[in-house]
Amino acid sequence: MRRMILAALTLLLTTTAGAAPLPEQEMQDSLLQMLARFTTYMKADFQPCQEPNSEGEACGCFRSNNTMRSNEDGVRSNADLGMVCAFLTRYGRDKVTLPQGVSWQDLEQMAMQSLVFAYSTHKANRLKVCADGRYWGSVSEQDHVWESSLWAMSVAYSAFFLWDRLSAQQRTCIYRLLKAECNYELERQVPTGYKGDTKAEENGWEADVLAATLGLFPDDELAPRWYDRMREFAVNSYSHPSDATDQTVVDPGYDGKRVCDLYRGQNLYEDYTLQNHNYFHTSYQNVVIQELGEAALALRLFRSVTDPSLKKGRAESRALLHHCREVCDSVLWWLALSDGELAMPNGNDWSLFLYDQMTSYTTMACMLRDADALMLEQRAYEMIRYRQTTTSDGSWLLRSDIGARRMGVEAHRVMMTWLMHHVWSTADMQPTEWENFCQRYAEARVLPCQHVVRSNTKDHFACFSWSEGLRSYTGYIAPHQTRDFLPQLSNLIVPFKANNTGNLLGWYEVEGRRTNAVPGGWYVTLDGEEWTLYGHLLCNDSALDMRFSIHSTAGNALVYKDTVRAREDCTIFKEKGGLLAISEDEFTSTRRHYRFGPGWVNIDDCFGIVNYSGKQMSVDCPQNVNSVLTALLYASYDDQPRNCRKGELVDTRHIVYYSNVDCQQTSRLAQTADYMGSPSSSVGRGKRAARSSSQR
């Protein structure tokens, strides 16, 4: 069965990459059925309340790590899962087959009761108290909760899906909830700040609740003020310093407001990157596009029901896609991988391989007609669909980092992708071919504000990050496949960081010293598709001095060299160098085939590592790393204690990582010190390009 699933996925992705792209209707039907399959999980997760609200209405809530509580985990999980149930009752009938044990009556009950619970426990209604004795939501500058507008947006979407079934009293409760959230937005300041903790994502979800409320209640007396504030939050989501002098009129024909009139401060760096959680985080880099797209969707979709003539207020604004194109062209497309994933130079601090950027791709494809985005969306969709087959209850992944909340977020995005295509069809578009996309973004490039270098050859994507916020010095390789697409290879290597380092560098364990690294300096040179990074780190509380270089060739080789000296007398217990985190997961492959030879190892007959320094190699048992079972492979390993004297040479290591080589090729490469021995490898002979990024 497993082989049949893999064969089907290979065929689908090969088709997606070629001249016959996936038809939009086929993807739409599949997305609906994926959500239908997810209902098994939702039904098992739902819990009716023992007592109704104070109006006698039955209510219930989806379980989470904080079931029925007033915090993010409790409210957001319930709002997202209830929204998906409500969506299916509106759009799924006669189009999907529900799993055994789940009925349409079940979905209707879960949708309605979770919505009743959501509006009853909000501060604007106070019809039922949450399990922690509190109410949720924001009603004023003096009484607000971070992120409540995001939860309220999902409540608004649920209300829209169930609109024809809601009583006048229930619609009033929805109105009170949304009006309170929007009036709070009128009182507060629009936040800005880009170093370490961008406000881009937060401003995106504030725009969402304003757009949803405008869609449901376009004739409210405050609607013009909500619209103006929505535009302000939207422009200050991906706000760039150039906006301060941008004279472009945002919505000609409505008013004369210019970008510079709405700008409140930057949330992006000058190179259009952003930071959240104190480092360059590609999930946060892209999600703002999704949020702004969902705001545009709510305006258009809701108004088509509540105001079909679209005469009351506005049904769109150019502010809602502000700088989305620049962020894609300057940042995201340079990090896109062959399976639709976005490379994570600094790793991630939640579940990996979610492909949750799919709806950002959808926004770009549907609203800005971006053919690159359409290609990446189709690939991400296939991977989400495949990952769902690894679970027995329709959930999206095993070992979720935050339980039901993660499931709700993923279902939310699958649903939004369907809705965007429902409103803005791409049936007349042709997605870019991967090979053409790869060629356009092959050149080695530095994201200067984040100290990330990357390149994208026909054989592999390679990057390295010198992160200064949450200090981390780590790299990443994603092999490209020269044969049929297989998920085992596309996610062979897992983004991984630990002890200030991670992939490629690894670390030493030294007696009486912490395992860490602090920067001495770094320098990057670029030459076409090649880059070389030279770095200097003081490791293990400065007991060791490491000077290293990483060279990504224009072919299939990534070359690592270093020299390590003792800065003082010390005892090294373990050397764990040349590290790569290898997935051994149900989603990729639970049985990797490691073939070892003198100074080399090959994985699955497609990826080879050669240690030209004569060191042994080692592989740890798999462990859960961000929801993916991951084995740590050390290309330079030594578990024999070594006493080192101050100034003594500890190690001189030379390791090369080869993509798209089998065991025999890897063995032959290990027999020469010339890493150009691989037929696919190449090294630039000309003068290095002048462009560089450096720190001293």
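In what follows, every heavy atom counts, from backbone to side chain, and hydrogens, waters and symmetry copies are set aside.
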Is the shortest distance from a Lys or Arg side-chain nitrogen in [X] or [Y] to a carboxylate oxygen in the other one below 4.0 Å?
X	Y	answer
D651	R642	yes
E410	R387	no
R379	E382	no
D562	R653	yes

Would V446 and W531 count as a side chain to side chain contact (heavy atoms under 4.5 Å, CB included) if you check the C-alpha gap in whole Å, the side-chain angles of each, and the deciding distance to 0.1 Å? CA-CA 9 Å; V446 171; W531 55 264; over 6 Å; no
Quick one: do the [X] and [Y] side chains pair a donor with an acceptor below 3.5 Å?
X	Y	result
D459	Y658	no
D339	Y355	yes
W507	T501	no

Indicate yes or no for a side-chain donor-acceptor contact from [X] to the backbone of [Y] under 3.5 Å, with no hydrogens or angles considered.
X	Y	result
S667	C663	no
Q665	D662	yes
N348	S283	no
T432	D372	yes
Q388	G394	yes
R592	E584	no
N602	V661	yes

Given the rule in the side chain to side chain contact (heavy atoms under 4.5 Å, CB included) test, do I477 and L504 qualify, once you have shown the distances and angles that lead to the verdict? CA-CA 9 Å; I477 313 167; L504 298 183; 4.2 Å; yes
Side chain to side chain contact (heavy atoms under 4.5 Å, CB included) assessment of M617 paired with Y634: CA-CA 6 Å; M617 300 182 178; Y634 305 103; over 6 Å; no
Closest heavy-atom contact between [X] and [Y]?
X	Y	result
P345	V452	CG-CG1, 3.9 Å
L533	V453	CD1-CG1, 4.2 Å
N643	E648	O-OE1, 4.1 Å
V559	H654	CG1-NE2, 3.9 Å

Compute the ring centroids of H460 and Y657, then answer whether they are less than 6.0 Å apart.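 No; Y657 has its ring centre 6.0 Å or more from that of H460.
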Between Y284 and W350, is the ring centroid distance below 6.0 Å?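 Centroid distance Y284-W350: below 6.0 Å, so yes.
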Please test L669 against W600 for side chain to side chain contact (heavy atoms under 4.5 Å, CB included), starting from the C-alpha separation and ending with a verdict. CA-CA 9 Å; L669 288 165; W600 62 270; over 6 Å; no
Evaluate whether atom CD of Q664 has more than 12 neighbouring non-hydrogen atoms of other residues, nucleotides or ligands under 6.0 angstrom away.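 Not more than 12 within 6.0 Å, no.
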Does atom CZ (R440) have a neighbourhood of more than 12 heavy atoms from anything else shown, all under 6.0 Å?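 More than 12 heavy atoms, drawn from other residues, nucleotides or ligands, come within 6.0 Å of this atom.
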Distance from R471 atom CZ to N346 atom CG, nearest 0.5 Å?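 Rounded to the nearest 0.5 Å, the CZ-CG separation comes to 14.0 Å.
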So, do [X] and [Y] sit near enough that their side-chain heavy atoms are less than 4.5 Å apart?
X	Y	answer
Q378	Y361	no
Q439	K458	no
L342	M344	no

With under 30° as parallel and over 60° as perpendicular, where do the rings of W334 and Y441 fit, or are they tilted in between?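 Because their plane-to-plane angle is over 60°, the rings of W334 and Y441 count as perpendicular.
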What class does the angle between the rings of Y560 and F548 fall in, given that below 30° is parallel, 30 to 60° is tilted and above 60° is perpendicular?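 Y560 vs F548 ring planes: parallel.
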Identified side-chain hydrogen bond (donor to acceptor under 3.5 Å, both in side chains) partner of Y269 from the options K195, Q450, Q275: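 By the side-chain hydrogen bond (donor to acceptor under 3.5 Å, both in side chains) criterion, Y269 pairs with just one of K195, Q450, Q275: Q275.
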Just to verify, which of L537, V524, T474 counts as forming a side chain to side chain contact (heavy atoms under 4.5 Å, CB included) with W466?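 So, applying the side chain to side chain contact (heavy atoms under 4.5 Å, CB included) to W466 and each of L537, V524, T474, only L537 qualifies.
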Report the residues that fulfil ring pair (Phe, Tyr, Trp, His ring centres under 6.0 Å) with Y279, sequence neighbours left out, ordered by chain and then residue number.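 Testing Y279 for ring pair (Phe, Tyr, Trp, His ring centres under 6.0 Å), a comparison that skips the adjacent residues, returns H281.
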For salt bridge (Lys or Arg N to Asp or Glu O under 4.0 Å), just list the numbers for K615 and D638, CA-CA rounded to whole Å, side-chain angles, deciding distance to a tenth of an Å, and then say yes or no. CA-CA 8 Å; K615 292 292 188 76; D638 191 345; 5.2 Å; no
Looking at residues at least two apart in the chain, or sitting in another chain, which of them share a side-chain hydrogen bond (donor to acceptor under 3.5 Å, both in side chains) with N276?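 Partners of N276 under the side-chain hydrogen bond (donor to acceptor under 3.5 Å, both in side chains) test: none.
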